[in-house]
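This report refers to the structure that appears directly beneath it.
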Amino acid sequence: MVGSNSAKEDLIKFGIKDKNITIVPHGIILPKKVPDHKMTNPKVITYFGPLTADKGIIDALNVFRLLNTSGKYSFCVIGRPETDAYYKKVMDTVKQFGLEDKIKFWRRPTDKEKFEILSKTYIFINPSIREGWGLVNMEANLVGTPVVAYPSPGLVDSVQNGVSGILTKTSTPEAIAKEIERLSEDNATYNRLSDGAKKWASKFTWSKSRKLSLDLIHV
């Protein structure tokens with residue numbers, strides 16, 4: 001049992017037969033009250049994930065650097081460092097880019113705080129190089145926040161390109177920044193993606209995933 005087609009393809013490469021693999025999508029654990037999507041000024045761009053190389057935090061900071069020149073955005077990072085050495089690299093990069101006063105850091109927000117942050121986020125970015133699925137994308141979508149992500153394994157499954165967000169053509173900070181700037185000038189497309197994000201996320205509930213898992217076990 002795997003959570004996405006990308007994960008299934010990985011197992012097939014390891015020699016597991018297609019017929020022995022079942023996809024059960026991950027479900028979202030819903031907050032008691034789903035907050036409404038809120039537009040803010042400046043627009044908030046958020047990264048959510050561990051502060052590690054594979055999750056793309058340095059690429060996220062480069063996106064912030066590129067967008068910071070316009071003065072239209074503020075930035076948020078939700079995530080914990082896994083090593084002191086890499087956290088130092090992250091913070092050194094923040095200083096190098098002159099972003100110390102532009103980024104709000106959250107290490108351990110509560111579930112309520114997490115969804116409040118995401119609801120005030122204009123665009124959620126995901127520059128990860130590989131995911132099993134990308135549950136954070138769905139959590140952002142749940143509150144109407146579109147995702148701009150790299151076309152990486154897992155992310156190609158959790159982001160409906162042109163519906164719930166945008167998959168960049170290349171895996172570069174410049175490509176993400178370009179898509180964000182394009183959306184900021186196109187309210188009609190942004191609103192369509194926001195509506196599409198909520199509809200897409202509504203399909204992935206924890207209760208549905210639990211039922212599919214139990215049905216598979218009891219076969």
Side-chain angles (χ1 to χ4, degrees), residues 3-6 25-31 33-49 55-56 59-60 62-64 66-68 70-78 104 114-129 131-205 208:
S4 69
N5 192 62
S6 291
H26 297 272
I28 307 169
I29 299 177
L30 299 173
K33 183 181 183 302
V34 178
D36 294 328
H37 191 240
K38 307 172 184 70
M39 298 299 290
T40 63
N41 187 19
K43 298 179 174 74
V44 180
I45 311 300
T46 296
Y47 164 93
F48 180 12
K55 297 295 184 179
D59 276 22
N62 270 288
V63 173
F64 297 167
L66 292 166
L67 295 175
N68 190 46
S70 73
K72 296 187 295 186
Y73 307 98
S74 62
F75 311 107
C76 180
V77 170
I78 309 173
K104 171 70 174 178
K114 174 180 68 177
F115 283 107
E116 281 293 335
I117 295 165
L118 293 174
S119 73
K120 296 174 184 176
T121 293
Y122 180 69
I123 294 289
F124 179 83
I125 64 171
N126 196 328
S128 177
I129 60 173
E131 295 288 334
W133 166 247
L135 183 60
V136 290
N137 297 332
M138 311 309 299
E139 292 177 326
N141 284 171
L142 179 70
V143 293
T145 298
V147 177
V148 176
Y150 285 167
S152 303
L155 302 185
V156 297
D157 302 288
S158 56
V159 178
Q160 275 197 311
N161 191 33
V163 177
S164 67
I166 300 293
L167 292 170
T168 57
K169 291 181 173 62
T170 59
S171 296
T172 63
E174 289 79 8
I176 290 182
K178 181 179 178 180
E179 292 296 344
I180 293 172
E181 290 281 48
R182 182 177 68 83
L183 287 173
S184 72
E185 301 297 328
D186 187 350
N187 289 334
T189 298
Y190 180 85
N191 291 334
R192 177 173 56 78
L193 291 177
S194 180
D195 290 340
K198 287 187 280 190
K199 291 175 182 176
W200 172 239
S202 69
K203 299 179 180 181
F204 301 94
T205 64
K208 185 183 293 185

Under the ring-ring contact (aromatic ring centres under 6.0 Å, His included) definition, can you give me all pairs with a residue in residues 168-196, not counting sequence neighbours?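 Found Tyr122-Tyr190.
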
Test: ring-ring contact (aromatic ring centres under 6.0 Å, His included). Region: residues 134-171. Which pairs qualify, not counting sequence neighbours?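 For residues 134-171, and leaving out neighbouring residues, there are no ring-ring contact (aromatic ring centres under 6.0 Å, His included) pairs at all.
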
Given Tyr73 and Ile180, is the side-chain contact (heavy atoms from CB on, under 4.5 Å) satisfied, shown in steps? CA-CA 10 Å; Tyr73 307 98; Ile180 293 172; 3.9 Å; yes

Closest contact, heavy atoms only, [X] versus [Y]:
{"X": "Ser158", "Y": "Ser164", "answer": "O-OG, 4.3 Å"}
{"X": "Ser119", "Y": "His37", "answer": "O-CD2, 3.3 Å"}
{"X": "Gly49", "Y": "Tyr47", "answer": "O-CE2, 3.3 Å"}
{"X": "Val44", "Y": "Cys76", "answer": "CG1-CB, 4.1 Å"}
{"X": "Thr145", "Y": "Thr121", "answer": "OG1-O, 3.2 Å"}
{"X": "Leu155", "Y": "Gly134", "answer": "CD2-CA, 4.4 Å"}

Parallel, tilted or perpendicular, judged at 30° and 60°: which one describes the rings of Phe75 and Phe64?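 It falls in the parallel class, under 30°.
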
Test item: [X] and [Y] side chains (from C-beta on) under 4.5 Å apart, heavy atoms:
{"X": "Pro173", "Y": "Leu66", "value": "yes"}
{"X": "Ile45", "Y": "Leu67", "value": "yes"}
{"X": "Leu142", "Y": "Lys198", "value": "no"}

Residue pairs involving residues 134-148 (criterion salt bridge (charged side-chain N to carboxylate O under 4.0 Å, His left out); sequence neighbours excluded):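 Pairs touching residues 134-148 that pass the test: Lys114-Glu139.
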
From [X] atom [atom1] to [Y] atom [atom2], the distance as rounded to the nearest 0.5 Å:
{"X": "Gln160", "Y": "Lys203", "atom1": "CD", "atom2": "NZ", "result": "5.5 Å"}
{"X": "Lys43", "Y": "Ser70", "atom1": "NZ", "atom2": "OG", "result": "9.0 Å"}
{"X": "Phe115", "Y": "Lys33", "atom1": "CZ", "atom2": "NZ", "result": "13.0 Å"}
{"X": "Thr168", "Y": "Ile125", "atom1": "OG1", "atom2": "CD1", "result": "11.0 Å"}
{"X": "Asp59", "Y": "Ile176", "atom1": "CG", "atom2": "CD1", "result": "7.0 Å"}

Apply the side-chain contact (heavy atoms from CB on, under 4.5 Å) test between Leu193 and each candidate in Val163, Ile166, Ile123; give the one that qualifies.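 Passing option: Ile166.
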
Tell me whether the count of non-hydrogen atoms from other residues, nucleotides or ligands lying under 6.0 Å of NZ in Lys169 goes above 12.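 At most 12 heavy atoms, drawn from other residues, nucleotides or ligands, come within 6.0 Å of this atom.
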
Whether over 12 other heavy atoms sit under 6.0 Å from Lys178 NZ: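 Counting neighbours around NZ of Lys178, 12 or fewer heavy atoms of other residues, nucleotides or ligands fall under 6.0 Å, so no.
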
Evaluate the criterion side-chain contact (heavy atoms from CB on, under 4.5 Å) for residue pair Leu167 and Val148; output intermediate values, then yes/no. CA-CA 6 Å; Leu167 292 170; Val148 176; over 6 Å; no

Strictly distance-based, threshold 3.5 Å: is any side-chain N or O of Lys38 a donor or acceptor partner for the main-chain N or O of Asp36?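 Judged by distance alone, yes, a pair lies under 3.5 Å.
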
If we ignore hydrogens and angles and just use 3.5 Å, is the side chain of Ser202 paired with the main-chain N or O of Lys199 as donor and acceptor?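 Yes, Ser202 side chain to Lys199 backbone: donor-acceptor pair under 3.5 Å.
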
Please evaluate residues Glu131 and Ser152 with respect to the criterion side-chain contact (heavy atoms from CB on, under 4.5 Å), reporting the C-alpha separation (whole Å), side-chain torsions for both, the decisive distance (0.1 Å), and the verdict. CA-CA 7 Å; Glu131 295 288 334; Ser152 303; over 6 Å; no

Go through it in stages, so that I can follow the logic: the residues are Asn126 and Val136, the test is side-chain contact (heavy atoms from CB on, under 4.5 Å), and I'd like the CA-CA distance, side-chain angles, deciding distance and then a yes or no. CA-CA 9 Å; Asn126 196 328; Val136 290; 3.8 Å; yes

